[in-house]
Protein chains: 2
Amino acid sequence: MKEIEKTLESKSVRPTAMRILIYKYMAEKEIAVALTDIENAFAKSDRTTLYRTLKTFEEKGVVHQIDDGTGIHKYALCEPGCNCELDQDLHLHFHCANCDETVCLTEHKIPHINLPEGFIAEDANLVIKGICEKCSGQ
Amino acid sequence: MKEIEKTLESKSVRPTAMRILIYKYMAEKEIAVALTDIENAFAKSDRTTLYRTLKTFEEKGVVHQIDDGTGIHKYALCEPGCNCELDQDLHLHFHCANCDETVCLTEHKIPHINLPEGFIAEDANLVIKGICEKCSGQ
DNA sequence: GTAGCGATGCAACGGAAGTGCATTTATTGT
DNA sequence: ACAATAAATGCACTTCCGTTGCATCGCTAC
């Protein structure tokens with residue numbers, strides 16, 4: 001618990017009770033979470049607080065936003081060496097068509113793509129859809 | 001114009017006036033279009049009709065849906081050899097952060113990715129974000 | 001012509017992101 | 001310790017977009 005406080009403080013995020021809980025929740029779930037997920041997990045939570053917390057987390061580099069193609073904003077904790085804000089951690093994501101869960105495949109980086117003349121790449125997003133290891137093992 | 005009718009009929013889509021107009025509109029714009037774009041282009045149009053038209057087009061393989069990370073469903077006409085419904089045409093898309101337009105880079109295919117044990121890939125989506133050739137040339 | 005089916009149009013719903021403002025909680029300076 | 005200040009929280013509301021139900025229109029076939 002103190003660990004989380006330290007982590008948040010090291011990223012200039014004031015460790016309030018709510019923020020620690022959210023961080024803890026995201027650390028326990030190993031998948032990308034949506035605002036609604038957190039809302040359902042904490043009965044007493046307010047959507048706005050969660051929304052702004054995630055926004056703050058994202059700005060301070062605590063989490064990174066994931067677009068898994070569902071159109072719903074999801075978030076995952078940044079790994080210790082995650083440089084997502086520098087576009088240097090272009091790992092890919094896997095979205096399971098069965099359980100609807102999304103996981104970061106942090107070891108898998110997005111390969112470099114040669115674009116046509118005139119196009120300047122700044123960011124990239126690669127999502128693989130299919131069946132995750134939990135669902136395929138059933 | 002007759003061309004479009006033929007194309008639609010060949011894909012088992014009844015070529016109504018509205019559908020021909022929508023097809024024409026999409027053919028002229030060379031970028032992915034959202035439902036709202038079409039709605040704004042045709043003053044007399046009804047959202048529902050457009051929505052269902054696009055849905056029909058997609059089912060019949062006239063267009064394919066594009067997720068460019070904005071969370072807005074966009075569509076682009078399928079190229080003559082487009083096998084998007086078979087997951088064999090995994091071309092990538094470029095989304096311009098400046099003009100917000102999305103283009104298909106049909107010549108660029110998504111490279112094969114080796115997934116961890118247990119993960120089964122069925123589909124993939126790769127979006128490069130940056131500045132498009134129109135905006136970078138300014 | 002008329003029966004039937006597909007296309008269209010209107011209205012409304014629902015989920016999710018986002019914003020304005022008041023209130024509470026924490027921090028800082030004296 | 002207390003006031004002043006700033007940050008965090010909570011409530012209400014808006015907007016945007018996708019989606020659906022139902023009634024109506026129009027084409028097509030018999």
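Each chain gets a letter, A, B and so on, in the order the sequences are listed, and its residues count up from 1. In this text, all values refer to a predicted model and were calculated from it rather than measured experimentally.
Clustering of Ile, Leu, Val, Met, Phe, Trp and Tyr side chains at separations under 4.5 Å leaves A:V127 isolated, with no partner residue. Cluster partners of A:I120, by chain and number: B:I131. The rule joins Ile, Leu, Val, Met, Phe, Trp and Tyr whenever side-chain heavy atoms lie under 4.5 Å apart.
A salt bridge is absent between A:E122 and B:K129; no separation between the charged side-chain nitrogens and carboxylate oxygens falls under 4.0 Å.
Residues passing the ring pair (Phe, Tyr, Trp, His ring centres under 6.0 Å) test with A:H108: none are found, sequence neighbours excluded. Residues meeting the ring pair (Phe, Tyr, Trp, His ring centres under 6.0 Å) test with A:F57, sequence neighbours left out: none. By the side-chain contact (heavy atoms from CB on, under 4.5 Å) test, A:E5 pairs with A:K2, A:P15, A:I20, sequence neighbours left out. Legend: residues meeting ring pair (Phe, Tyr, Trp, His ring centres under 6.0 Å) with B:Y25, ordered by chain and number and at least two apart, are B:F42.
Pairs passing the side-chain hydrogen bond (donor to acceptor under 3.5 Å, both in side chains) check and including a residue from residues 68-82 of chain A, sequence neighbours excluded, read A:Q65-A:H73, A:Q65-A:Y75, A:D68-A:T70, A:D68-A:K74, A:D68-A:H95, A:D68-A:T102. Sequence neighbours left out, the pairs with a member in residues 9-33 of chain B that pass salt bridge (charged side-chain N to carboxylate O under 4.0 Å, His left out) are B:K24-B:E28. Residue pairs meeting the side-chain hydrogen bond (donor to acceptor under 3.5 Å, both in side chains) criterion with at least one partner in residues 50-63 of chain B, sequence neighbours excluded, are absent.
With a cutoff of under 4.0 Å to any heavy atom of chain B, the contacted region of DNA chain C is bounded 5' to 3' by C:dG6 to C:dA11.
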So which protein N/O to nucleotides 14-18 of chain D N/O distances come out below 3.5 Å?
| residue | atom | partner | partner atom | Å |
| --- | --- | --- | --- | --- |
| D:dG18 | OP1 | B:H73 | N | 3.1 |
| D:dG18 | N7 | B:R47 | NH2 | 2.6 |

Contact list (N/O, under 3.5 angstrom) for nucleotides 6-11 of chain D vs protein:
| residue | atom | partner | partner atom | Å |
| --- | --- | --- | --- | --- |
| D:dA7 | O4' | A:R14 | NH1 | 3.3 |
| D:dA7 | O3' | A:R14 | NH1 | 3.2 |
| D:dA8 | OP1 | A:R19 | NH1 | 2.8 |
| D:dA8 | OP1 | A:R19 | NH2 | 3.3 |
| D:dA8 | O5' | A:R19 | NH2 | 3.4 |
| D:dT9 | OP1 | A:T16 | OG1 | 2.8 |
| D:dG10 | OP2 | A:T49 | OG1 | 3.0 |
| D:dG10 | O6 | A:R52 | NH2 | 2.7 |
| D:dC11 | N4 | A:T48 | OG1 | 3.0 |

